[in-house]
Amino acid sequence: MIEHADGAQTPLIDASVHIFFGSNKDLRDFLHEPFKSRGFPDYEMDWYGAPGSEYAPNTEGPNRRDPGSDPEFVGNELFSHRGVDIAILHPMGRGIMPDRHLGTALHAAHNEMMVSRWLESDEFGDRFRGTIRVNPDDIAGALREIEKWRAHPRVVQIGVPLQSRELYGKPQFWPLWEAAAEANLPVAVHIESGEGVALPPTPSGHTRTYEQYVSFMALNYLYHLMNMIAEGVFERFASLKFVWADGAADFLTPFIWRMDVFGRPHLEQTPWAPRIPSDYLPGHVYFVQGSLDGPGDAEFAGEWFGFTGKDDMVMFGSSYPHWQCADAGRLPAALSAEQREKLCWRNAANLYEIDISVDLATR
């Protein structure tokens with residue numbers, strides 16, 4: 001339960017909590033040969049380091065363990081101090097590996113760690129929900145991971161990296177999306193932290209500074225989303241849901257307007273996607289909003305939030321324990337009470353089929 005600036009209270013589902021191994025050595029304990037003795041990037045082996053620190057203050061676990069690696073410490077922080085009722089965990093991986101078999105092994109290790117340490121935690125397991133990581137460069141391996149974990153009662157979605165080497169609407173990914181839809185698991189797309197074989201963050205190459213990177217990177221979801229619409233992915237898989245987990249819902253309206261303006265008179269070019277592009281958003285497209293998104297506390301924030309139906313698509317996510325860790329108690333005052341409820345818990349509860357008790361929902 002979170003208390004807002006006006007004194008009102010709502011339940012809170014945090015749709016983006018980042019979890020990690022304590023170290024590379026810790027990760028190796030979940031690997032088997034021939035991968036256990038292989039080399040792979042550390043989490044912070046990326047090109048752009050955040051000024052100051054990658055993580056928010058006071059997020060280190062006991063004995064100075066890496067932030068986001070201790071279930072009891074994180075659970076106590078979220079549930080006792082930040083007003084969170086349910087946390088959606090997203091294991092942070094290493095990006096796309098040159099060796100797809102190594103990449104799949106790393107994802108499988110992250111899944112084993114998340115389930116055994118977090119989802120089955122005696123203390124907080126009932127309040128954690130999990131994202132199983134799959135490797136889009138190895139469809140067969142990804143399908144095995146989905147089959148392995150799909151029936152776990154606390155697994156609620158699968159996760160893939162934003163930094164794919166191909167657009168996610170292309171046919172090579174369709175078996176993965178079909179399996180996700182059949183398992184009733186949304187697909188969360190998240191910027192990776194450990195540098196794999198990543199493409200530049202902009203179509204024109206690499207940015208100069210971290211500030212430019214963090215401003216531009218989430219924009220890449222638009223290339224994936226527009227390609228998926230044009231390729232008819234949501235027409236082909238009617239129950240498929242995608243979660244763009246690094247925000248940028250504030251970009252959606254102008255870009256989908258442009259796509260509609262061009263697409264409306266040219267639908268004959270995509271007979272496999274016969275509706276106008278914006279028709280494919282409701283029920284298929286979701287965003288996680290943190291502290292880097294939207295117009296801030298502007299008087300038109302609520303109006304902008306409602307354009308294109310975004311208030312039915314956006315869920316709060318703190319990105320804990322990263323430096324931009326968001327506080328749900330500081331949402332824009334211009335949001336209506338209904339918008340705030342959808343953002344804080346209703347959209348996530350509906351998407352992930354999470355029961356929020358009546359006494360929490362009506363306070």
Side-chain angles (χ1 to χ4, degrees), residues 13 15-16 88 90 129 131-132 134 136 142 146 150 155-162 164 166-190 218-260 262-264 267 270-289 293 305-317 339 342-343 346-354:
I13 297 175
S16 188
I88 312 298
H90 200 110
R129 300 295 184 272
T131 304
I132 57 167
V134 301
I146 293 175
R150 57 177 289 179
V155 166
V156 296
Q157 66 185 358
I158 70 173
V160 296
L162 181 65
S164 169
E166 295 283 350
L167 292 170
Y168 280 142
K170 293 190 174 182
Q172 65 261 39
F173 299 113
W174 291 358
L176 181 52
W177 311 148
E178 181 179 25
E182 198 275 329
N184 194 33
L185 293 174
V187 180
V189 186
H190 203 293
L219 190 61
N220 282 277
Y221 88 82
L222 286 165
Y223 309 130
H224 287 302
L225 175 59
M226 291 179 175
N227 179 249
M228 294 175 75
I229 292 172
E231 293 280 5
V233 170
F234 298 122
E235 186 76 32
R236 177 178 292 267
F237 307 115
S239 63
L240 180 64
K241 299 174 176 62
F242 256 69
V243 178
W244 307 100
D246 278 289
D250 45 338
F251 292 145
L252 178 67
T253 293
F255 279 91
I256 205 69
W257 282 348
R258 291 177 66 89
M259 200 172 181
D260 275 358
F262 183 79
R264 192 185 303 269
L267 293 178
T270 55
W272 46 82
R275 294 183 282 164
I276 64 172
S278 59
D279 281 352
Y280 292 105
L281 299 178
H284 289 295
V285 176
Y286 298 83
F287 298 87
V288 175
Q289 175 166 314
D293 307 300
F305 198 58
F307 285 162
T308 330
K310 293 193 294 291
D311 43 11
D312 290 321
M313 304 178 195
V314 180
M315 306 175 289
F316 170 80
Q339 287 177 324
K342 289 180 177 181
L343 175 62
R346 288 190 184 276
N347 290 343
N350 291 335
L351 175 64
Y352 298 122
E353 299 179 358
I354 297 172

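- Taking all atoms of both residues into account, the shortest heavy-atom contact from I132 to I146 is CD1-CA, 4.0 Å.
- Rounded to the nearest 0.5 Å, atoms NZ (K310) and CG (L343) are 12.5 Å apart.
- Rounding to the nearest 0.5 Å gives a distance of 12.0 Å between OH of Y352 and CG of N184.
- Evaluation of the side-chain contact (heavy atoms from CB on, under 4.5 Å) rule for Q172 yields E166, K170 as partners, not counting sequence neighbours.
- A distance of 10.5 Å separates NZ in K342 from CE in M313, rounded to the nearest 0.5 Å.
- Minimum heavy-atom separation, A348 to M315: CA-SD, 3.5 Å.
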Counting only pairs under 3.5 Å, give me each side-chain donor-acceptor contact of residues 236-250, with atom names and distances, residues two or more places apart or in other chains.
unit_1: K241; atom_1: NZ; unit_2: S239; atom_2: O; d: 3.4
unit_1: D246; atom_1: OD2; unit_2: H190; atom_2: ND1; d: 3.3
unit_1: D246; atom_1: OD2; unit_2: I191; atom_2: N; d: 2.6
unit_1: D250; atom_1: OD2; unit_2: G294; atom_2: N; d: 3.1

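- Closest heavy-atom contact between G306 and D311: CA-OD2, 3.7 Å.
- Between Y221 and V189 the shortest side-chain heavy-atom distance does not fall below 4.5 Å.
- T308 is linked by a side chain to side chain donor-acceptor pair (under 3.5 Å) to T253, counting only residues two or more places apart in sequence or in another chain.
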Do any side-chain atoms of residues 224-233 form donor-acceptor pairs under 3.5 angstrom with protein atoms, and if so which ones, sequence neighbours left out?
unit_1: H224; atom_1: ND1; unit_2: Y168; atom_2: N; d: 3.1
unit_1: H224; atom_1: NE2; unit_2: L162; atom_2: O; d: 3.1
unit_1: N227; atom_1: OD1; unit_2: G169; atom_2: N; d: 2.9

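- Q157 and P186 make their closest contact through CB-O, 3.1 Å (heavy atoms, listed as atom of the first residue, atom of the second, distance).
- Screening residues 218-227 for salt bridge (Lys or Arg N to Asp or Glu O under 4.0 Å) gives no qualifying pairs among residues at least two apart or on separate chains.
- Distance check: I13 CD1 to R129 CZ gives 8.5 Å after rounding to the nearest 0.5 Å.
- With sequence neighbours left out, R150 forms a side chain to side chain donor-acceptor pair (under 3.5 Å) with E182.
- The side-chain heavy atoms of L219 and F255, taken from C-beta on, include a pair separated by under 4.5 Å.
- Under the side chain to side chain donor-acceptor pair (under 3.5 Å) criterion, Q289 pairs with no residue, sequence neighbours left out.
- Annotation for V288 and G317: closest pair CG1-CA, 3.4 Å, computed over non-hydrogen atoms.
- Between the CD1 atom of I276 and the CZ atom of F262 there is a distance of 14.5 Å, given to the nearest 0.5 Å.
- Listed by first then second residue, pairs satisfying side-chain hydrogen bond (donor to acceptor under 3.5 Å, both in side chains) with a partner in residues 275-285 read E235-Y280, D260-S278, not counting sequence neighbours.
- Counting heavy atoms from C-beta outward, I158 and L176 have side chains that approach closer than 4.5 Å.
- Between the N347 side chain and the V314 main chain, a donor and an acceptor come within less than 3.5 Å of each other.
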